[in-house]
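The block underneath contains the structure these notes are about, expressed in structure tokens.
Every number for a ligand or one of its atoms is a count from 1 in the order of the listing.
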Amino acid sequence: MGLPVVAIVGRPNVGKSALFNYILSKRLSIVHEQSGVTRDPVMSPCEHYGRKFLLVDTGGLGTHPKEKNVDLFDGMIREQVMQVVADASVLIWVVNCQEGITPQDEEVADFLHKTGKTVVVAANKADNDNVRKQAFGLFAPLGYLDIHAVCCTHTYGAGLLMDAVVEHLPKQEEDAEGEEEKEPKRLKIAVVGRPNVGKSSLVNRLLGNKRVMVSDIPGTTRDAIDVPVDLKYNDEILPATIIDTAGMRRKKQIDSVVEFFSLSRSETAIKRADIVLFMIDATDPCTTQECRIGRVIVDARKCCIMLANKWDIASKTIKEKEFIQHVRERMPFMDHAPLHIISALNGYRLKGIVGHLLHVREQMGVLIPTGVFNQFLQDTFARTPPPMSGTKRFKCYYGTMKQNNPPKFVLFCNKRSLCPAHYMQFLQNQIRDAFFPEAGLPIVMDLRERTKIDEADDTRKAAAGVKRVKEKEYQEEHRRVQRRRGYIKKG
Ligand code: GDP
Ligand code: GDP
């Protein structure tokens, strides 16, 4: 089952996105080490004292950072928020201490009370002690008494707020955690790359001792070696098994039986791995052989992080930005894989790799709730519709996430052939940016045509949170509230 959802809700500009980033600040600092995130992530796996959950920023749903002024309770955005709320176990309702209760807050209160969900109030913009003390009295009239003063700009108060949030999460997560602790599931990491790129040097660095022989002669490490290790990043521990492989050589060059086995073992290692660390040589990147190894990883649909090694030498001749651009141009099929620049020899930026692996492991646990995913699809199709194909256009009726690692999505559509490859690529990129930023996970899409949707009708109905609240009903309700408050005249 997926993680329980904790959704951040509230009217615009109260600081929902700021709170989302603040709660995730530890993680995001790792993610942002590398530029290239084009869209703010809207959800992210999160952990507070061992309790895992999926944090969703409804402020980020359906809006690009530049379009922040969209009214939260307008049309599509409002529907999206309702879907997320339906999926959520706990809601964090953000209000603004500096403005107090506004009519829009009252509207949100009406809506939240009707949902019957557990609500923890984050009284944001409590920039000083005076305001913090007044927060409870200020917002208690809204009807929720679990109120916590927070200040995103001064990073104050998220600890207590999240203590309250996790208290309301479903219990089963804790039990699963207990079992996990008895026998930790080790993340299988394959270190691959052409001979002499520095794989053994990296593995030695990660292991902290010289377990694998390092030599200048290509192919010294012949067999893949599995080494269990507990990798450390600050105070976090990542139980892992490192699969160190022999350098992959081009098939043409294989001149001995031993080397043939080395190659197939490397391929096997990729297939066995949860994450592939694909090392390329920064002094001579993107050779034909490296591109082939890349293709093997892509074909195996494996999560991949690219490591450009020997930066100590390469940095003398090329700037980081130019280098990244060069690699991206030469290996467009590896676009989904984040690219780290390292030096296994002097340890440059090696610590970040473990941080990144922790981030990826979390991303692998994400199952996007169906409601959230469908609203995301609706938004994406509305914002950038697929091109016309003759008189027809590709339509997607409904989608769902089937599994993770790799994340697989099934989309029920009118006709598969109406979806051009570039639009499919666009959808994959949008999904990656919004839900799996910087994780190196390939996004797998399975398009099913309309006839099949009928067969799947029952599943569709059963899927959580897909029931749409009818526009008309909402408008009537909205008008009734406005009338009651005297904002519009009766009759
Ligand atoms: P959203 O529309 O609810 O997602 O709001 P944003 O996260 O975009 O924040 C809206 C504005 O409030 C931004 O200009 C933030 O810098 C500001 N803001 C967020 N948190 C705080 C805070 O704790 N104190 C103050 N003074 N400003 C804040
Ligand atoms: P493998 O064949 O991929 O396992 O590569 P090795 O780890 O055996 O490294 C091959 C050679 O490259 C050795 O001489 C290493 O010392 C050297 N090497 C590895 N990493 C770096 C690096 O970051 N910078 C430099 N200058 N040399 C490196």
Side-chain angles (χ1 to χ4, degrees), residues 8-23 40 42 57-72 77 81 92-99 104-105 108 122-128 131-132 135 149-158 161 191-206 210-225 244-249 262 266 277-284 289-290 293 307-316 340-350:
I8 302 179
V9 297
R11 65 184 169 85
N13 265 325
V14 281
K16 293 181 294 301
S17 304
L19 184 65
F20 177 82
N21 288 329
Y22 170 27
I23 295 171
D40 282 347
V42 292
D57 168 23
T58 60
L61 266 179
T63 53
H64 272 267
K66 285 183 199 137
E67 303 170 12
K68 269 295 174 79
N69 292 334
V70 184
D71 186 343
L72 183 72
I77 310 289
V81 175
I92 299 178
W93 178 16
V94 188
V95 286
N96 180 348
C97 285
Q98 293 177 4
E99 290 176 355
Q104 235 183 339
D105 283 328
V108 180
N124 190 32
K125 309 202 186 182
D127 294 355
N128 59 53
V131 182
R132 284 166 202 167
V150 291
C151 175
C152 297
T153 46
H154 302 165
T155 58
Y156 167 89
L161 173 78
V191 183
V192 301
R194 62 184 161 114
N196 239 13
V197 70
K199 296 180 295 299
S200 312
S201 310
L202 175 71
V203 172
N204 286 339
R205 282 267 178 187
L206 292 176
K210 299 245 166 203
R211 270 184 136 146
V212 186
M213 191 183 12
V214 179
S215 137
D216 274 332
I217 309 156
T220 315
T221 3
R222 281 260 150 80
D223 296 331
I225 304 163
D244 178 31
T245 60
M248 287 196 191
R249 305 175 137 233
S262 296
S266 299
L277 292 182
F278 173 26
M279 291 184 86
I280 59 171
D281 194 333
T283 60
D284 178 21
Q289 194 183 6
E290 267 172 359
I293 299 171
L307 303 174
N309 192 32
K310 307 196 186 179
W311 188 246
D312 51 317
I313 302 176
S315 59
K316 290 177 189 144
H340 271 271
I341 278 161
I342 60 160
S343 170
L345 195 68
N346 65 19
Y348 178 67
R349 292 204 193 162
L350 288 191

> Of all the atoms in ligand 2, which lie at a distance below 4.0 Å from a heavy atom belonging to D312?
Replying inline: 22 (C), 23 (O), 24 (N), 25 (C), 26 (N)

>> Side chain, backbone, both or neither: which applies to D57 and ligand 1 if a contact is any heavy-atom pair less than 4.0 Å apart?
In response: neither

>> Going by the closest heavy atom to atom 5 (O) of ligand 2, which one wins out of A282, S343, G198?
In response: G198

> Would one find an N or O of G15, backbone or side chain, under 3.5 Å from an N or O of ligand 1?
Replying inline: yes

> If you measure from atom 9 (O) of ligand 2 to every heavy atom of G347, S201, A344, G193, which option wins on shortest distance?
Replying inline: S201

> What are the atoms of ligand 1, with element, lying closer than 4.0 Å to any heavy atom of C152?
Replying inline: 20 (N), 22 (C), 23 (O)

>> Within the 4.0 Å heavy-atom shell around T153, which atoms of ligand 1 are there?
In response: 21 (C), 22 (C), 23 (O), 24 (N), 25 (C), 27 (N), 28 (C)

>> Within ligand 1, which atoms have a heavy atom of D127 less than 4.0 Å away?
In response: 22 (C), 23 (O), 24 (N), 25 (C), 26 (N)

> Hey, looking at atom 27 (N) of ligand 2, which of N346, N204, L345 has the closest heavy atom?
Replying inline: L345

> Any N or O of W311 that comes nearer than 3.5 Å to an N or O of ligand 2?
Replying inline: no

> Should you measure from each heavy atom of K16, which atoms of ligand 1 turn up under 4.0 Å away?
Replying inline: 1 (P), 2 (O), 3 (O), 4 (O), 5 (O), 7 (O)

>> Counting only nitrogen or oxygen atoms and a 3.5 angstrom limit, does A18 reach ligand 1?
In response: yes

